[in-house]
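Input: a single structure, listed below in structure tokens.
In this text the structure is predicted, and so the values were computed from the model without any measurement. Per chain, numbering begins at 1; letters A, B, ... match sequence-line order.
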Amino acid sequence: MRILQLHCDNITYEPTKKEIQSAEEIDPKSVSIDEVVVCFVAVEKDDNEDIAKDAISQIQESMKKIGCQKLLLYPYAHLSSNLASPSTALSLLKLMESQSEGLDVSRAPFGWTKSYNVKVKGHPLAESSKVITSDSKKEKTSTALESESKIKSYWYIMTTDGEMQELDKFNFTSHKKLESLAKYESVKKRSVDEPPPHVALMKKLAIADYEQASDQGNMRFFPNGRLIKSQLEQYVTNMVKQYGGYEVETPIMYDSHHPSMESYFNRFPARQYSIDSEGKHLFLRFAACFGQFLMAHDFQLSYKNLPYRLYELTRYSFRREQSGELVGLRRLRAFTMPDCHAFCKDMPQAVEEFRTRFDLSRNVLSGIGIEQDDYEMAIRFTEDFYNENKELIIETVKKIGKPVLVEMWKERFFYFVLKWEFNYIDNSGKASALSTDQIDVENGDRYGIEFIDEQNKPQNPIILHNSPSGAIERVMYTLLEKASTDSREGRKPQLPLWLAPTQVRLIPLKEEFLDLGKKISDLLSKNNIRADIDDRNESIGKRIRDAEKEWIRYILVIGEKESISKLTIRDRNTSNEREMNSDELVNEILSQINDKPFSSLNLPLLVSKRPIIQV
RNA sequence: GCUCCGAUAGCUCAGCCUGGUAGAGCGUUACAUUGGUAAUGUAAAGGUCGUGGGUUCAGAUCCCACUCGGAGCUCCA
């Protein structure tokens, strides 16, 4: 439907003769209206009642803005070369007329040649055109997203002895964060009046920032941020490979008309980015599921191969979250997610695998520096699954050692029967999911993934979907929020040593000690330690202050008293100075990093050579 | 997506209500200073006041739209 909308001082029209046979029967007399919005309307092929209703509501909205009550609907075929049949057009126009509540509406006769005079007002909003199609009407949402709100959930708290208590009966006194999560999830009650502290930190530490030239929720990462992110990515990948995941890489965009996509689309409640290219309607992946399922579909699998695990670190997964939801690194539209699927031959094997991955997820978080006290667990399952697997669920809750939030569904609505996640509760009381795992009983069949069982019969595997850490950006958000809590409670904020962009800062007292500084930094980098040198012509006090502001753990002032075998070390943890030789320093640092990955310094060695990335 | 709030120097912000010469601190640059564990001194440069339009003799300031950011709502398998 195409509409030309004009805010007029006056319109005068007069039907002169019938243009088509099906023209309305009217008395052809001249009509004049003052202070009116005239909408010239062309109804096009494929227009329907929804489009007509949408059109009239858009018209109502803009009329409210310009403060006009009178509307004239004026059939006007010349706006389009793809017209609907006259009967459809007339009925939709009549529908629009009847839907114009609160407006003083009239309609020019359909099917007549008319002469007319208009005097259009001169303000900026007086003229506008609208094209209304089913696409522009409403964003496409998957049916899963639409029906999600209709699901009936029952909420409980499960204590470590396996008892399920109703939310309002549970005593949250010593479980404040769990209470936040429970309220957050079940009642949806929140109140915050300031941005989360990690947003300022990610800018101040030159980690990441918004990129206005991209879409909202697509961040850019500066050298510091990229280093931290890369370290985390390597760490999680190493851990998954140790557990038995095989790393793959799959496309980031898919044809939405591919048969396996169409049905999955409607089962995964996420909004997509779409791209039209050469007649194809492509969408950007919102997880690694499809890629891995399509791959597994083409594998020839025997029950002897299972469990089999595919892993991908998606850079990126895309979810077009509502704009109002996007905040810093907590919630993005493009994010990096480790995604590991385990294909299992039956439920007992899936349950065994589930246990392993639960432990994996806890170890991964703990290695990053996010401990059990930092998160609250939620577990969700169908009633049937609970009745058949009580022991597993209670055992899982016991491992966490504190009460967890339970959501139970009477019937299975999603493709999984069980799902858990760890939620970090931030300084604003907001919950964000980190690690998660699900037991999927549907997609093996949907994607035609088959293995041959002991009886030589094809079967569909049960699939577990695990992200052992959750989105990498969200892990960074968690670390920054934790640091901010530390700072608020009087402790020095810091990142884990293995993630620090600079681990050791050398400060030569004056220029003549720069060479010694370079020798020490060489020695440290040979030992996989990130050291740099503040060679700027600033006072010692100033340079120490700047290093402290960058959260650098070890600061070494280098002057007459120092040599390779005698270093004076200022430790940020204590603010005290200690003396040791270079070997002792290397050992102290490496012993804290032990099995973590290493990336070399991602900055110029000399601070004087660095641009300021203060945003 | 909706409602409300915001956008001024590289950064953090003042000025806006009540229209008339664009301000501070930090940072940057230059010079001096060569230092011992959280801010050395002096000087200079640096701004289409987010974008577009309107009102006005005159708009950073008042009005409208848009973009981006924030809070709330909705949402977050």
Counter-base of [N], judged by Watson-Crick or G-U geometry with both distances under 3.5 Å:
{"N": "C31(B)", "answer": "G41(B)"}
{"N": "G19(B)", "answer": "none"}
{"N": "U67(B)", "answer": "A7(B)"}
{"N": "U12(B)", "answer": "A24(B)"}
{"N": "C62(B)", "answer": "G54(B)"}

Check this one for me: any side-chain N or O of [X] less than 4.0 Å away from OP1 or OP2 of [N]?
{"X": "Lys203(A)", "N": "G10(B)", "value": "no"}
{"X": "Lys561(A)", "N": "U37(B)", "value": "no"}
{"X": "Ser539(A)", "N": "G35(B)", "value": "no"}
{"X": "Gln216(A)", "N": "G69(B)", "value": "yes"}
{"X": "Arg572(A)", "N": "A38(B)", "value": "no"}

On a whole-Å scale, what distance lies between the [atom1] atoms belonging to [N] and [M]?
{"N": "A60(B)", "M": "G1(B)", "atom1": "C1'", "result": "32 Å"}
{"N": "C13(B)", "M": "C49(B)", "atom1": "C1'", "result": "13 Å"}
{"N": "G46(B)", "M": "U29(B)", "atom1": "P", "result": "16 Å"}
{"N": "A71(B)", "M": "U33(B)", "atom1": "C1'", "result": "49 Å"}
{"N": "G52(B)", "M": "U61(B)", "atom1": "P", "result": "13 Å"}
{"N": "C16(B)", "M": "G35(B)", "atom1": "P", "result": "49 Å"}
{"N": "C26(B)", "M": "C17(B)", "atom1": "P", "result": "29 Å"}
{"N": "G69(B)", "M": "C31(B)", "atom1": "P", "result": "42 Å"}

Q.
Keeping Ser608(A) on the side-chain end and Arg536(A) on the backbone end, is there a donor-acceptor pair under 3.5 Å?
A.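 The answer is no, because no donor-acceptor pair under 3.5 Å joins these two groups.
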Q: Check for a donor-acceptor pair, side chain of Arg357(A) on one end and backbone N or O of Cys340(A) on the other, with a separation under 3.5 Å.
A: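 Such a contact is found between Arg357(A) side chain and Cys340(A) backbone.
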Q: Would you please name every residue forming a ring-ring contact (aromatic ring centres under 6.0 Å, His included) with His341(A), sequence neighbours left out?
A: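 ring-ring contact (aromatic ring centres under 6.0 Å, His included) list for His341(A), sorted by chain: Phe293(A), His465(A).
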[X] [atom1] to [N] [atom2]: how many Å, rounded?
{"X": "Ile612(A)", "N": "A9(B)", "atom1": "CD1", "atom2": "C1'", "answer": "15 Å"}
{"X": "Glu538(A)", "N": "U37(B)", "atom1": "CD", "atom2": "P", "answer": "17 Å"}
{"X": "Glu211(A)", "N": "G50(B)", "atom1": "CD", "atom2": "P", "answer": "19 Å"}
{"X": "Glu512(A)", "N": "G36(B)", "atom1": "CD", "atom2": "C1'", "answer": "14 Å"}
{"X": "Trp551(A)", "N": "A38(B)", "atom1": "CH2", "atom2": "P", "answer": "19 Å"}
{"X": "Arg333(A)", "N": "C68(B)", "atom1": "CZ", "atom2": "P", "answer": "9 Å"}
{"X": "Tyr210(A)", "N": "U67(B)", "atom1": "OH", "atom2": "P", "answer": "18 Å"}
{"X": "Asp546(A)", "N": "U40(B)", "atom1": "CG", "atom2": "P", "answer": "9 Å"}

Which nucleotide, [options], lies nearest any side-chain atom of [X]?
{"X": "Glu560(A)", "options": "A71(B), G1(B), G36(B)", "value": "G36(B)"}
{"X": "Val327(A)", "options": "A71(B), G36(B), G72(B)", "value": "A71(B)"}
{"X": "Lys542(A)", "options": "A39(B), G36(B), G72(B)", "value": "A39(B)"}
{"X": "Thr568(A)", "options": "G72(B), U37(B), A38(B)", "value": "U37(B)"}

Q: Map Ser214(A) and Arg543(A) onto RNA chain B by nearest heavy atom, then report which one ends up closer to the 5' terminus.
A: Arg543(A)
(Q) Return whichever of Arg331(A) or Glu511(A) has its heavy-atom-nearest nucleotide of RNA chain B closer to the 5' end. (A) Glu511(A)
Q | Residue list, side chain to side chain contact (heavy atoms under 4.5 Å, CB included) with Lys119(A), at least two apart or on another chain | A |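 Here the qualifying residues are Asp9(A).
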Sugar-phosphate, base or nothing in reach of [X], heavy atoms under 4.0 Å:
{"X": "Ile540(A)", "value": "sugar-phosphate"}
{"X": "Glu321(A)", "value": "nothing"}
{"X": "Leu326(A)", "value": "sugar-phosphate"}
{"X": "Gly541(A)", "value": "sugar-phosphate"}

Q | Phe414(A) six-ring centre to Lys419(A) NZ/CZ under 6.0 Å and within 45° of normal | A |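 Checked: cation-pi criterion not met.
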Q.
Using a strict threshold of under 4.0 Å (side-chain N to carboxylate O), is an ion pair present between Lys492(A) and Asp486(A)?
A. no
Q) Between the base of U34(B) and the side chain of Asn537(A), is there a donor-acceptor distance below 3.5 Å? A) no
**Q.** Side-chain donor/acceptor contact of Glu562(A) with base of G36(B) under 3.5 Å
**A.** yes
Q: Could you grab the distance from atom CZ of Arg553(A) to atom CD of Gln503(A), nearest 0.5 Å is fine?
A: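 Here the interatomic distance stands at 10.5 Å.
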Q. Does one side chain, of Gln216(A) or Asn218(A), offer a donor that lies under 3.5 Å from an acceptor on the other?
A. no
